[in-house]
Amino acid sequence: LHHEFIRYAIFKKNNEKKWILDRISIGESHSLDTFTVRIDSVKIEVPSNSLVRIYKNPFEMIKVEDILRLKSGDTVLVTYYTNGENCLSYIHPRPFSRRILEPYGNGIFKGKYHAPLNSGVYHVSFDVIRWESIMTKSYPYEDANLWFFVYKVEE
């Protein structure tokens with residue numbers, strides 16, 4: 001794989017002169033050799049608390065207190081808006097785990113995952129990969145775009 005991953009973070013010193021995280025970006029990774037598919041935005045909905053957030057820029061800085069907070073076991077509905085239909089879209093809610101999203105046409109994909117049962121800080125990644133990358137031998141193996149989110153599960 002030949003990818004570039006970028007995430008930004010701002011740390012500030014507190015009153016005790018310790019560095020603490022102040023802001024963090026979503027984070028993005030994309031293939032470097034062939035890069036034709038792109039996530040344009042991600043909508044996250046949490047029906048249990050009527051939360052709806054739309055993210056359009058993976059490098060937007062988010063204050064720590066504004067990081068997505070979920071309750072244990074919350075259902076999270078995800079919609080990707082991409083630049084094409086010739087791709088497969090996945091949610092990676094845990095390391096080494098993935099769920100395919102359902103295509104709705106016009107580069108829109110929908111799916112869901114559940115927040116972990118244990119409280120803590122977690123990452124979820126949203127992935128779009130060109131169909132030919134997986135399904136044909138003649139197309140370059142890697143043509144993908146991923147966004148990486150951090151969120152907190154509270155009891």
Practice problem: Consider only side-chain heavy atoms of I, L, V, M, F, W and Y, link residues closer than 4.5 Å, and tell whether I100 and M135 are in one cluster. | Solution: yes
Self-check item: Cluster companions of F35 among Ile, Leu, Val, Met, Phe, Trp, Tyr (side-chain spacing under 4.5 Å)
Solution: none
Pairs under 3.5 angstrom only: tabulate donor-acceptor contacts from the side chains of residues 54-63 to other protein residues two or more places apart or in another chain.
residue, atom, partner, partner atom, Å
Y55, OH, R53, NH1, 3.4
N57, OD1, F59, N, 2.8

Self-check item: Donor-acceptor contact below 3.5 Å, side chain S133 vs main chain I129
Solution: no
Self-check item: Which atom of N83 lies closest to which atom of V37, heavy atoms considered
Solution: OD1-CA, 3.5 Å
Quiz prompt | Residue list, side chain to side chain contact (heavy atoms under 4.5 Å, CB included) with N15, at least two apart or on another chain | solution = none
What side-chain donor-acceptor pairs closer than 3.5 Å can you find for residues 107-127, not counting sequence neighbours?
residue, atom, partner, partner atom, Å
H114, ND1, T75, OG1, 3.1
Y122, OH, N118, O, 2.9
H123, NE2, R7, NH1, 3.2
D127, OD2, H92, NE2, 3.1

Quiz item: Are T79 and L77 close enough that some pair of their side-chain heavy atoms sits under 4.5 Å apart?
Solution: no
Quiz item: Do Y8 and I24 share a hydrophobic cluster (ILVMFWY, side-chain heavy atoms under 4.5 Å, transitive)?
Solution: no
Quiz item: Who pairs with F11 by ring-ring contact (aromatic ring centres under 6.0 Å, His included), at least two apart in sequence or on another chain?
Solution: none
Self-check item: L70 side, atom CG; N49 side, atom CG - distance, nearest 0.5 Å
Solution: 7.5 Å
Exercise. Answer yes or no: is there a side-chain heavy-atom contact under 4.5 Å between K13 and K18?
Key: no
Quiz prompt | Rounded distance (nearest 0.5 Å) linking atom OH of Y90 with atom OG of S97 | solution = 12.5 Å
Quiz prompt | Any residue meeting side chain to side chain donor-acceptor pair (under 3.5 Å) with R38, in chain and number order, not counting sequence neighbours | solution = D40
Practice problem: Return the set of residues passing salt bridge (charged side-chain N to carboxylate O under 4.0 Å, His left out) with K12 (not counting sequence neighbours), or none when no residue passes. | Solution: D22
Practice problem: Provide the full list of salt bridge (charged side-chain N to carboxylate O under 4.0 Å, His left out) pairs with a residue in residues 64-74, sequence neighbours left out, each pair given once. | Solution: R69-E154
Quiz item: Considering all heavy atoms of both residues, which atom of C87 and which atom of T82 are nearest to each other, and what is their separation?
Solution: SG-OG1, 4.1 Å
Self-check item: Partner residues of N106 under the side chain to side chain contact (heavy atoms under 4.5 Å, CB included) criterion, sequence neighbours left out
Solution: E85
Exercise. Applying side chain to side chain contact (heavy atoms under 4.5 Å, CB included), run through I44 and V52 and close with a yes or a no.
Key: CA-CA 6 Å; I44 295 176; V52 176; over 6 Å; no
Practice problem: Determine whether L32 and H3 make a side-chain contact, defined as any pair of heavy atoms from C-beta on separated by less than 4.5 Å. | Solution: no
Quiz prompt | Connected via hydrophobic side-chain network under 4.5 Å: V76 and L51 | solution = yes
Quiz item: Are Y81 and V128 connected, step by step, through hydrophobic side chains (Ile, Leu, Val, Met, Phe, Trp, Tyr) whose heavy atoms are closer than 4.5 Å?
Solution: no
Practice problem: Sequence neighbours left out, what passes side chain to side chain contact (heavy atoms under 4.5 Å, CB included) with T36? Give chain and number order. | Solution: T34, R130, Y139, D143
Exercise. Output all residues satisfying side chain to side chain donor-acceptor pair (under 3.5 Å) with E102, sequence neighbours left out; order by chain, then residue number.
Key: none
Sequence neighbours excluded and cut-off under 3.5 Å, please list the side-chain donor-acceptor pairs for residues 144-151, or say none.
residue, atom, partner, partner atom, Å
N145, OD1, I39, N, 2.8
N145, ND2, E28, OE2, 2.9
N145, ND2, S29, O, 3.2

